[in-house]
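One structure below.
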Amino acid sequence: MSTEAAAPVDAATLLGWYEQMAVIRGTEKAAHDLFLRGLVKGTTHLAAGHEAVAVGASAALRPDDYVFATYRGHHHAIARGATPEGCLAELMQRHTGVCRAKGGSMHLTQADHGMMGSYAIVGAHLPMAAGAAWSAKLRGSGQVAVAFFGDGATNIGAFHEALNLAAVWKLPVLFVCENNRYMEYTAIHTVTAVPNPAADRAAANGMPGVVVDGNDVVAVHDAVARAVERARSGAGPTVVEALTYRHFGHSRTDPATYRPVEEVEEWMARDPLLVARSRLLGEGATEAQLDAAAERAAAEVTAAVRAAQAAPPADPADAYTDVWADGGAAWRT
Amino acid sequence: MANVRTGAGDSDVTTYRDAVAEGIAREMRRDERVVCLGEDIGAAGGVFKTTVGLFDEFGPERVWDTPISEQAIVGAAMGAAMTGMRPVAEIMFSDFLACCWDYLANEIPKARYMTGGQVTVPLVVRTANGGGLGFGAQHSQSVENWALAVPGLKIVAPSTPADVVGLMASAIRSDDPVVFFEHKGLFASKGAAAPPEHAIPLGKANIARTGTDVTVVALAATVPMALEAAERLHGDGISVEVVDLRCLIPLDVSTVLASLERTSRLLVVEENPYQGGWGATVASVVADEGFELLDAPVRRVAGDNVPLPFADALEQQVIPTVDKVVAAVRRLVSY
């Protein structure tokens with residue numbers, strides 16, 4: 001865990017983060033319910049349990065910084081400013097979806113908020129984030145790029161290639177691992193030779209590796225803020241490994257019965273929403289204030305579900321747009 | 001070290017090799033967003049000497065040497081392209097595209113589509129393609145058909161120095177991702193230098209030689225091969241028209257069909273393996289849309305479906321040659 005002190009977060013800010021986490025949690029639950037009702041097809045990889053990483057990290061970023069996410073990326077999209085309605089409409093194959101229903105759950109993107117995409121090939125987006133950081137460095141824009149990824153991505157070649165390139169080119173990029181202990185269906189420690197799959201590999205690539213409580217939004221924020229400061233100062237990349245837990249299985253079809261009951265109970269007791277709530281109460285917030293925030297979040301999600309459901313379906317004509325920059329798909333003259 | 005050639009200058013003839021650096025340099029001069037990255041491309045000037053002079057002229061902030069990390073090279077190029085730059089990435093041998101195939105097949109060509117048009121990826125991946133030099137099975141392949149199988153990539157493969165410059169200009173200016181295949185066997189070849197401001201639109205084929213009896217559709221190194229065959233056949237009274245496609249995507253179908261209106265016979269000469277080769281696409285489009293133009297079956301000369309062997313005698317056995325093109329044309333004419 002990081003030992004450096006960070007500026008304390010005021011209660012109003014923390015309350016805002018709590019409400020944002022509640023919106024994300026509500027949206028994930030809505031996605032789950034809509035799937036069970038047959039209104040979401042394909043698959044979803046829910047991030048319920050990971051909210052503190054997305055919200056804490058996003059709070060440490062500028063609006064023009066770049067974020068690259070994975071197929072488990074609903075929380076990052078919303079934390080970066082995609083609306084629950086836009087995301088749910090995408091899952092429900094509506095024309096109003098954030099990617100006009102051409103991406104789906106695994107590819108949520110909101111480029112005008114710096115959410116540069118969710119990529120479903122494990123680990124592939126780490127070099128892209130390095131490239132966005134390289135671009136920021138070349139343009140002198142002061143932007144940073146963040147790649148969020150799971151523990152499973154740390155055994156992919158692209159992880160190691162991206163870290164080395166980022167370090168040797170001193171790129172303003174953060175590699176933020178959401179270590180939820182499971183690489184899809186398999187416990188990460190059974191297939192990885194080091195205890196902290198991301199942070200332990202940082203030193204080998206010439207950069208700091210920080211382990212942080214990924215269920216504590218304040219701890220995540222503080223660790224990421226320090227890494228962002230380092231990146232913007234020109235000192236180069238950092239690996240932040242946030243320890244967290246999935247509430248659901250790997251994907252819609254996975255009941256996650258391979259996880260020990262005690263382990264699940266232990267982590268559920270440290271749910272990021274509970275951790276934030278307890279912090280807020282400790283800092284003088286009232287139950288009524290917290291309940292009101294949770295109610296506002298629930299109302300926002302309810303309205304989003306209704307609006308997404310009422311939106312027009314995907315337009316078949318859109319299948320032939322956006323292959324090329326001219327908007328079309330013509331491959332011949 | 002010599003600076004990059006600046007155009008016609010002291011001589012109106014240049015090499016295909018020098019034209020690569022010249023084409024890149026022209027775009028780097030006109031657009032500061034153009035940056036290069038790749039293995040050994042900087043002070044070393046590239047293993048094929050195709051980037052000589054760029055590092056001297058533009059410096060390490062525009063010409064970046066990378067580790068041997070093909071995924072990082074192409075992945076970083078993608079990230080930079082998405083965020084305001086126009087990177088030109090070199091993958092040394094086209095065989096090595098397999099090391100970063102995820103980016104070529106899954107990431108770069110699909111980002112625009114699956115984000116509903118939110119993300120644009122204007123990059124060029126340059127690579128040395130093709131056989132005939134005895135480099136063995138892992139440094140000799142023609143892999144343009146790999147790229148052809150992926151919707152979302154544009155594919156360029158020039159045959160002359162001037163085309164290298166003109167197509168490089170259009171590739172770098174393109175807002176779409178382009179795979180730019182430079183043929184190893186052509187690097188030492190010479191031709192007219194490109195005039196100033198030379199730019200050839202992507203998807204516009206060139207009639208490299210006019211003729212009336214047979215249309216030979218070719219690409220990159222098979223263009224000079226087809227031209228040599230045409231010259232030999234000319235002595236026998238057979239008139240061959242040679243179409244240099246220049247690009248596989250966009251594919252200039254209209255120039256091929258217009259040529260067949262004049263000749264009524266089609267031979268496609270491609271270096272990639274017959275199985276799954278681009279000539280099959282050309283043949284199928286012609287069968288579909290130009291059947292009534294034909295007086296003979298469409299024929300293809302292509303690589304054989306074996307790994308490329310080392311010895312000259314073995315390699316020449318399995319890749320297209322002038323003799324094979326001549327024999328195929330004769331067979332078509334006598335049909």
Side-chain angles (χ1 to χ4, degrees), chain A residues 66 68 90 97-104 106-112 115-117 119-121 123-136 138-139 141 143 145 156-158 160-166 168-169 171 173 318 321-327 329-333, chain B residues 32-33 35 37 61-62 64 66-85 87 99-100 102-103 105-107 109-123 151-152 154 174-176 203-205 247-255 281 285:
Chain A
Y66 300 116
F68 293 77
E90 183 70 22
V98 289
C99 303
R100 280 196 295 165
K102 290 157 90 165
M106 293 197 279
H107 303 297
L108 297 183
T109 302
Q110 187 79 48
D112 58 350
M115 173 68 187
M116 301 306 290
Y119 299 87
I121 307 295
H125 60 302
L126 275 68
M128 294 177 215
W134 179 47
S135 159
L138 289 165
R139 289 180 288 109
S141 68
Q143 293 161 290
I156 296 285
H160 300 274
E161 292 196 16
L163 263 61
N164 180 61
L165 191 78
V168 77
W169 286 6
L171 300 179
V173 58
D318 277 346
T321 62
D322 295 325
V323 173
W324 306 121
D326 66 7
W331 58 275
R332 48 173 284 187
T333 60
Chain B
E32 64 179 15
R33 297 171 300 171
V35 287
L37 71 165
E61 290 299 307
R62 306 271 311 269
W64 292 64
T66 66
I68 298 177
S69 301
E70 279 82 10
Q71 295 185 58
I73 292 167
V74 183
M78 179 182 175
M82 293 163 73
T83 54
M85 304 304 291
C99 300
C100 49
D102 179 46
Y103 294 92
N106 288 321
E107 314 296 344
K110 298 184 169 80
R112 183 176 182 81
Y113 189 79
M114 70 188 190
T115 63
Q118 293 182 64
V119 170
T120 303
V121 191
L123 60 75
K154 290 188 171 170
S174 168
D175 286 333
D176 295 312
K204 184 154 177 48
C247 295
L248 293 180
I249 303 288
L251 184 66
D252 188 353
V253 170
S254 47
T255 292
T281 296
V285 172

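These values consider heavy atoms only, across backbone and side chains, with no hydrogens, waters or symmetry-generated copies. Quick note on labels: first sequence line is chain A, next is B, and so on, each numbered from 1.
- For chain A, the nearby part of E70(B) is the backbone; its heavy atoms alone come within less than 4.5 Å.
- Side chains of T333(A) and K204(B) form no contact here, defined as non-hydrogen atoms less than 4.5 Å apart.
- Looking at heavy atoms from C-beta onward, R112(B) lies out of side-chain contact with W324(A) at the 4.5 angstrom threshold.
- Within the 4.5 angstrom heavy-atom criterion, atoms from both the backbone and the side chain of M82(B) approach chain A.
- C99(A) is listed as a side-chain neighbour of Q118(B), based on a closest heavy-atom distance under 4.5 Å.
- In this structure, the portions of W331(A) lying under 4.5 Å from any heavy atom of chain B include both its backbone and its side chain.
- If you measure heavy-atom distances from D252(B) to chain A, the contacts under 4.5 Å come from both the backbone and the side chain.
- Residues D176(B) and V323(A) share a closest heavy-atom pair of OD1-O, 4.4 Å.
- Comparing A101(A), A133(A), G103(A), G117(A) by heavy-atom pairs within less than 4.5 Å of chain B, the highest count is held by G103(A).
- Neither the backbone nor the side chain of S141(A) has a heavy atom closer than 4.5 Å to any heavy atom of chain B.
- Contacts with chain A were tallied for V35(B), V253(B), I249(B), V121(B); V253(B) has the most, counting heavy-atom pairs under 4.5 Å.
- Summarising the geometry, atom CD1 belonging to I68(B) is positioned 11.5 Å from atom CG belonging to N164(A); distances are rounded to the nearest 0.5 Å.
- A heavy-atom distance below 4.5 Å is not found between the side chains of E107(B) and H125(A).
- Residues L165(A) and P67(B) meet the side-chain proximity criterion, which asks for heavy atoms closer than 4.5 Å.
- Contact detail for A72(B) and A162(A): the closest heavy-atom pair is CB-N, 4.5 Å.
- Chosen from R100(A), H107(A), E161(A), the residue pairing most often with chain B at heavy-atom distances under 4.5 Å is E161(A).
- In this structure, NE2 in H160(A) is found 11.5 Å from OG in S69(B), a value given to the nearest 0.5 Å.
- In this model, a donor atom of one side chain and an acceptor atom of the other lie less than 3.5 Å apart for T83(B) and S135(A).
- Comparing D112(A), I121(A), L108(A) by how many heavy-atom pairs each has under 4.5 Å with chain B, the most go to I121(A).
- Using a 4.5 Å heavy-atom cutoff, the side chains of W134(A) and L37(B) are in contact.
- Residue T115(B) holds its OG1 atom at 11.0 Å from CD of Q110(A), rounded to the nearest 0.5 Å.
- Note: M106(A) CE to M114(B) CE = 9.5 Å, rounded to the nearest 0.5 Å.
- With a 4.5 Å cut-off on side-chain heavy atoms, D102(B) and Y119(A) do not count as touching.
- Contact count against chain B (heavy-atom pairs under 4.5 Å) is highest for A132(A) among G104(A), A132(A), A166(A).
- Neither the backbone nor the side chain of K110(B) has a heavy atom closer than 4.5 Å to any heavy atom of chain A.
- Taking CG of D326(A) as the reference point, atom OG of S174(B) lies at 9.5 Å (rounded to 0.5 Å).
- Both the backbone and the side chain of A124(A) come within contact range of chain B, judged by heavy atoms closer than 4.5 Å.
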